[in-house]
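Since this is a predicted model, take the numbers as computed values, not measurements.
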Amino acid sequence: MKALVLCSGGIDSTTCLAETVKKYGRDEVMALSIRYGQKHSKELTAARAVAAYYGVTLRELDLAAIFADSDCSLLEGSIQEIPAESYADQLKATDGKPVSTYVPFRNGLFLSSAASIALSNGCTELYYGAHSDDAAGNAYPDCSEAFNQAINDAVYIGSGNQLRVIAPFIGLTKADVVARGLALHAPYHLTWSCYEGKEKPCGVCGTCRDRAAAFAANGVEDPAQEGSV
């Protein structure tokens with residue numbers, strides 16, 4: 001294997017997988033999907049569908065126990081409601097702290113776990129789909145350029161210079177990511193972004209709003225709004 005891609009079943013990781021498969025071919029790429037105690041399994045189901053679409057090996061990992069003490073509104077043990085507003089509006093009430101849907105150090109944990117799996121499978125590159133919109137305003141600090149550089153340095157040094165962490169969209173907006181995915185005909189009809197686990201996306205949580213805006217910026221109908229997801 002050449003590369004491991006974190007695959008959440010959303011549009012960012014799906015675009016990342018699309019680009020990596022194009023670069024190396026499906027036989028040199030594997031995907032990793034992680035359960036972290038989220039309130040629904042929609043994204044895990046989507047990740048399986050996307051991996052099957054590209055014909056790549058998918059590994060699944062359960063890290064839910066690590067987040068058992070968190071009151072993050074995304075997690076099944078939380079009594080908090082998932083905010084039905086944009087990230088910008090949510091950040092007005094956080095006093096500079098991350099939003100309530102921030103899972104404590106999730107990307108740090110995911111990438112550290114993935115690094116071990118990647119090394120065990122001979123991979124030299126580890127990809128994830130963080131982009132600038134998620135890092136804006138400190139909503140998700142583990143999507144920032146500073147975090148990416150630090151985790152890349154740690155993994156590269158800790159792996160004996162064998163593995164690099166790559167975030168190809170770290171300086172891009174979500175609209176930019178969608179543009180790249182559309183050019184590759186990424187299977188966005190298979191993806192799931194909504195924080196709610198209902199039959200159809202809620203349309204009002206932060207990630208639904210960001211997704212809708214990204215497709216609108218590209219002048220394309222969102223498959224989720226066509227009832228394909």
Counting distance only, does the side-chain N/O of [X] pair as donor-acceptor with the main-chain N or O of [Y] below 3.5 Å?
X	Y	value
Ser73	Ile82	no
Ser78	Leu75	no
Gln162	Ser159	yes
Ser13	Ser8	yes
Lys174	Arg211	no
Asp222	Ala212	no
Asp62	Ala64	yes
Thr94	Leu91	yes
Arg26	Thr57	no
Asp134	Ala139	no

[X] and [Y]: same hydrophobic cluster, using ILVMFWY side-chain contacts below 4.5 Å?
X	Y	answer
Val5	Phe110	no
Leu32	Ile151	yes
Leu4	Met1	yes
Leu190	Leu58	no
Ile66	Tyr102	yes

Mind checking the [atom1]-[atom2] spacing from [X] to [Y]? Nearest 0.5 Å is all I need.
X	Y	atom1	atom2	value
Leu17	Leu6	CG	CG	11.0 Å
Asp89	Ser86	CG	OG	3.5 Å
Asn152	Leu163	CG	CG	8.5 Å
Ser113	Leu63	OG	CG	4.5 Å
Tyr195	Thr101	OH	OG1	4.0 Å
Ser132	Ile170	OG	CD1	8.0 Å

Measure the shortest side-chain to side-chain distance between [X] and [Y] over non-hydrogen atoms and say whether it is less than 4.5 angstrom.
X	Y	result
Thr124	Lys2	yes
Ser33	Leu61	no
Cys123	Met30	yes
Ile11	Val178	yes
Ser193	Pro201	no

* Test side-chain contact (heavy atoms from CB on, under 4.5 Å) applied to Val155 and Leu111, step by step -> CA-CA 9 Å; Val155 168; Leu111 290 166; 5.5 Å; no
Do you know which two heavy atoms are closest between [X] and [Y], and how far apart they sit?
X	Y	result
Arg209	Ala84	NH2-O, 3.2 Å
Gln38	Glu43	NE2-OE2, 3.0 Å
Asp142	Phe105	OD2-C, 3.9 Å
Val56	Val29	CB-O, 3.6 Å
Asn218	Ala179	OD1-CB, 3.2 Å
Ile79	Asp71	N-OD1, 3.8 Å

* To do: Give the intermediate values and the outcome of side-chain contact (heavy atoms from CB on, under 4.5 Å) for residues Asn107 and Cys143.
  => CA-CA 8 Å; Asn107 279 349; Cys143 290; 3.6 Å; yes
* To do: Test the Arg106-Tyr36 pair against the cation-pi criterion, namely NZ or CZ under 6.0 angstrom from the six-membered ring centroid and within 45° of the ring axis.
  =>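 Judged by the rule, Arg106 and Tyr36 form a cation-pi pair.
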Taking atom types as modelled, is there a side-chain donor on [X] or [Y] under 3.5 Å from an acceptor on the other?
X	Y	result
Asp176	His131	no
Glu19	Tyr127	no
Tyr128	Asn148	yes

* **Audit row: Glu60, Ile34, side-chain contact (heavy atoms from CB on, under 4.5 Å) steps and yes/no** => CA-CA 6 Å; Glu60 297 186 7; Ile34 299 177; over 6 Å; no
* Asked: Can you name the salt bridge (Lys or Arg N to Asp or Glu O under 4.0 Å) partners of Arg164, sequence neighbours left out?
  -> none
* How would you list, by chain and number, every residue that makes a salt bridge (Lys or Arg N to Asp or Glu O under 4.0 Å) with Glu76, sequence neighbours excluded? ->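 Here the qualifying residues are Arg35.
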Residue [X] excluded, over 12 heavy atoms near [atom1] under 6.0 Å:
X	atom1	value
Arg59	CZ	no
Asn161	CG	yes
Arg180	CZ	yes

* Would Tyr188 and Leu182 satisfy side-chain contact (heavy atoms from CB on, under 4.5 Å), going step by step from the backbone distance to the final call? -> CA-CA 9 Å; Tyr188 288 146; Leu182 290 172; 4.1 Å; yes
